[in-house]
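Written below as structure tokens is the structure these notes are about.
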Amino acid sequence: MCGALRSTNAGETITIMGWVNRRRDHGNLIFLDVRDRTGITQVVLDKEASPAAHAKAEAARPEYVISVTGKVRERGEGLKNPKMDTGDIEVVAQELLLLNDAKTPPFPIADDAPITNEEIRLKYRYLDLRRPELQKNFVLRHKVTRAIRDFLSDNEFLEIETPLLTRSTPEGARDYLVPSRVHPGHFYALPQSPQIFKQILMISGFDRYFQIARCFRDEDLRADRQPDFTQIDLETTFPQQKTIFKIVEGFLHAAFSAAGIELGPEAFVQMTYDHAIAKYGIDKPDMRLPAMVDLSAELTPELRETLKIAPSLPVLGFTIPRVGELSGTARKALLSEIRGGFGDCGLDFLDVARLRTNEAFVPLAEAIGAKLNAEQVVFCGENFTTDDLAVVITPKPGTPEMWNYDRLWIWKRVGQLRLDLAKKYADKHGLFTQTGTAADFKFLWVTDFPMYEWNEEHKRWDAAHHPFTSPHEDDITSGRLVNDKGAVRALAYDIVLNGTELGSGSIRIHRKDVQAEIFRSLGMSDEEAHERFGFFLDALEYGTPPHGGIALGLDRIVMILAGASSLREVIAFPKTAKAIDLMVDAPTPVSDVQLRDLSLRVIKRS
RNA sequence: GGGGACGUAGCUCAGUUGGUUAGAGCGCUGCCCUGUCACGGCAGAGGUCGCGGGUUCGAGCCCCGUCGUCCCCGCCA
């Protein structure tokens with residue numbers, strides 16, 4: 001192959017095939033760089049030595065498919081190219097075959113310059129995929145997938161496939177529906193995850209199951225969300241939470257190792273959901289950034305009164321490292337930008353500049369600075385002894401309505417600001433820059449998610465994870481399940497990497513009475529529960545072992561490992577933000593004949 | 001459903017306060033060239049300024065609408 005030849009091959013007569021990457025025509029001497037997925041090799045064509053081959057090379061153009069037979073030659077002194085893996089040798093062509101010509105591609109394959117026009121990249125995806133950068137991503141993806149498959153197989157997991165044509169369950173995300181021809185008016189659904197099937201496999205005694213599973217969700221896209229995606233789905237019997245954690249950490253070590261990253265032996269950090277919200281204002285903290293600090297203790301009731309800060313609500317501060325000194329203009333712009341972002345939500349800056357001008361507040365300003373471990377508290381404009389940007393947010397008196405819906409609203413809003421600012425100053429603090437070592441990757445388990453979340457629109461409690469998630473034993477026995485739903489904790493956990501949710505899982509309910517209780521608490525009658533999940537409730541009655549599992553987004557793992565900022569870089573044929581495949585042009589209308597076969601009619605909505 | 005950014009040559013982009021015939025680099029075509037490797041030299045082709053409408057003596061530039069791509073919020077058990 002093109003990328004494999006070295007000086008040890010000198011003297012061998014070989015044939016290589018591939019695409020013309022570049023042609024350098026010097027008249028009687030032509031160089032062709034030949035590319036395949038392993039790399040690039042320089043071919044030399046001399047008019048005197050092999051005139052026929054030279055003549056064909058004159059006609060060759062980028063992306064022509066060629067076959068070259070010739071002798072590998074060590075390049076002479078000064079002719080070697082240290083920038084190429086194969087730069088010590090070249091192939092002296094004796095015979096050249098033009099196997100196929102090619103139109104001039106709409107964008108260059110040979111350049112490493114980024115192509116910003118995503119539309120054209122996706123339309124000509126076969127050419128985009130030919131670029132070394134993407135070739136590299138799919139080699140990586142293959143290695144990672146194989147490492148995970150091998151690890152799980154070595155640990156007694158069985159890979160079992162579950163159906164793609166299955167049953168719609170009107171919970172959670174919208175389903176992609178597939179009409180049945182044989183049963184007019186009836187629809188299959190594509191799975192959002194193999195959730196119920198894998199639980200049934202546990203009931204069937206398969207003990208340890210996994211699947212590299214395609215899943216489908218008909219929801220709006222993001223850079224890290226595609227409508228069809230791949231997850232590493234697994235389930236085991238008789239697990240504790242820590243059993244699952246150990247398995248996942250095991251295959252992630254293997255996967256990262258396959259990608260050339262050796263993670264340290266220590267277990268991943270764990271924190272509860274409540275702790276994550278209090279310290280990071282989000283359920284998927286980015287551990288590369290410093291946490292938030294609650295500064296409430298620094299403010300006496302009198303100080304709150306004077307500074308017009310709402311009593312008993314938290315005063316939160318955080319720092320963004322190494323932002324450097326901001327000019328007065330930059331500070332003003334930042335201030336109005338953030339105030340604008342808050343709107344009238346009852347939050348504001350603590351104006352430390354004002355504090356410094358008033359003798360009485362100086363100790364407070366200094367206490368805050370000390371607690372944040374930063375002497376530049378935002379907008380104070382003096383005594384810069386660190387580069388860190390410190391921000392203190394205070395709740396104004398009066399309670400906007402939104403705080404009532406969500407008791408954690410303030411933490412979440414300030415956590416959002418923390419992330420926004422971290423992003424804004426990413427170039428300065430450099431914490432998101434990859435160094436190619438394990439230090440780039442901050443893993444975290446978030447545990448004890450709330451069992452329920454309040455649905456304001458429908459005025460009811462919904463399952464925060466899914467209705468088969470087991471609550472904490474304490475919360476069942478204490479009666480909280482009935483009396484205080486907002487406080488019930490689930491045996492549900494997320495794995496987070498650099499602020500991206502990689503996966504989510506739980507210990508499941510294996511007792512029918514508990515399951516029935518959960519359905520009741522979700523306001524689902526027995527009849528209703530039976531209509532939706534009857535087959536599963538039946539199965540639960542036949543000796544269901546305790547079980548639990550998790551599912552991790554394979555695409556996201558590969559995306560982060562590849563240092564990519566979009567899933568499109570690691571999915572071969574991805575869709576646009578409007579869920580369109582620009583290459584095959586899908587979705588499309590279908591013929592009346594097809595519709596009639598399916599007993600369907602398309603109606604126009606105004 | 002909402003907010004934001006972008007759309008000019010095949011690609012990457014520039015285009016001033018609204019003013020002559022819309023530019024650059026790369027790529028492409030032809031010719032020349034025996035040591036290049038982002039080869040070099042000379043010459044050349046290539047544009048419905050996303051689309052539609054409006055304002056204006058005059059629109060790539062201003063206004064309205066629309067389409068597309070990207071990012072974010074909602075949504076994603």
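Below, read A as the first sequence line, B as the second, and so on, with proteins coming before strands; counting in each chain starts at 1.
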Inset, instruction - With a 3.5 angstrom cut-off on both distances, give the Watson-Crick or G-U wobble partner of B:G47, or none if there isn't one. - result: none

Inset, instruction - Give the rounded distance in Å between these two atoms: CD of A:E77 and P of B:U36. - result: 14 Å

Inset, instruction - Would you classify A:A464 as touching base, sugar-phosphate or nothing, given that sugar-phosphate means primed atoms plus P, OP1 and OP2, and contacts are heavy atoms under 4.0 Å? - result: sugar-phosphate

Legend entry - Parallel, tilted or perpendicular: ring planes of A:F468 versus A:H466, cut at 30 and 60 degrees: tilted

Inset, instruction - Report yes if a side-chain nitrogen or oxygen of A:R24 is closer than 4.0 Å to either non-bridging phosphate oxygen (OP1 or OP2) of B:C39; otherwise report no. - result: yes

Legend entry - Intermediate values then yes/no, salt bridge (Lys or Arg N to Asp or Glu O under 4.0 Å), A:D128 and A:R125: CA-CA 5 Å; A:D128 195 28; A:R125 187 62 165 175; 2.9 Å; yes

Inset, instruction - For residues A:P285 and A:V496, report the shortest heavy-atom separation together with the two atoms involved. - result: O-CG1, 3.5 Å

Inset, instruction - Check the distance between B:C13's P and A:D111's CG and give it to me in whole angstrom. - result: 13 Å

Legend entry - First encountered from the 5' end of RNA chain B, between A:I120 and A:K80: A:I120

Inset, instruction - Between protein and nucleotides 28-34 of chain B, map the contacts as a letter string: B base, S sugar-phosphate only, - none, heavy atoms under 4.0 Å, written 5' to 3'. - result: SSS--BB

Legend entry - Main-chain N/O of A:A490 paired to A:T469 side chain as donor or acceptor, under 3.5 Å: no

Inset, instruction - Round to a whole Å and report the spacing from CG of A:D420 to P of B:G3. - result: 19 Å

Inset, instruction - Quick one: look up who B:U36 pairs with, Watson-Crick or G-U, both distances under 3.5 Å, and put none if it's unpaired. - result: none

Legend entry - Residue whose closest nucleotide on RNA chain B lies nearer the 5' end, A:N81 versus A:Q195: A:N81

Inset, instruction - Write down the distance between CZ (A:R35) and C1' (B:C37), rounded to a whole number of angstrom. - result: 15 Å

Legend entry - Pair partner, B:A24 [Watson-Crick or wobble, under 3.5 Å]: B:U12

Legend entry - No-hydrogen, no-angle side-chain donor-acceptor test under 3.5 Å, A:T447 and A:Q241: no

Legend entry - Pairing partner (Watson-Crick or G-U wobble, both distances under 3.5 angstrom) of B:A5: B:U69

Legend entry - Distance, rounded to the nearest Å, where A:R131 contributes CZ and B:C11 contributes P: 14 Å

Inset, instruction - I would like to know whether A:E95 and A:S50 meet side chain to side chain donor-acceptor pair (under 3.5 Å); could you show each step before the answer? - result: CA-CA 8 Å; A:E95 193 184 359; A:S50 40; over 6 Å; no

Legend entry - Interatomic distance, A:I580 atom CD1 to A:L221 atom CG [nearest 0.5 angstrom]: 10.5 Å

Legend entry - Ring-on-base stacking B:U36 with A:F31 (under 5.5 Å, under 30°): yes

Inset, instruction - For A:Q42 and A:R22, test the side chains for any donor-to-acceptor distance below 3.5 angstrom and give the result as yes or no. - result: no

Legend entry - N/O donor-acceptor pair under 3.5 Å between A:H510 side chain and A:G548 backbone: no

Inset, instruction - Sugar-phosphate means primed atoms, P, OP1 and OP2; the rest is base. With that split, encode nucleotides 67-76 of chain B 5' to 3' as B, S or - using protein heavy atoms under 4.0 Å. - result: -SSSSSBBBB

Legend entry - Side-chain-base donor-acceptor pair under 3.5 Å for A:R73 and B:G35: yes

Inset, instruction - Check every strand shown and say whether A:R75 touches a base, only sugar-phosphate, or nothing at a heavy-atom separation below 4.0 Å. - result: base

Legend entry - Between A:D36 and A:T38, a side-chain donor and acceptor under 3.5 Å: yes

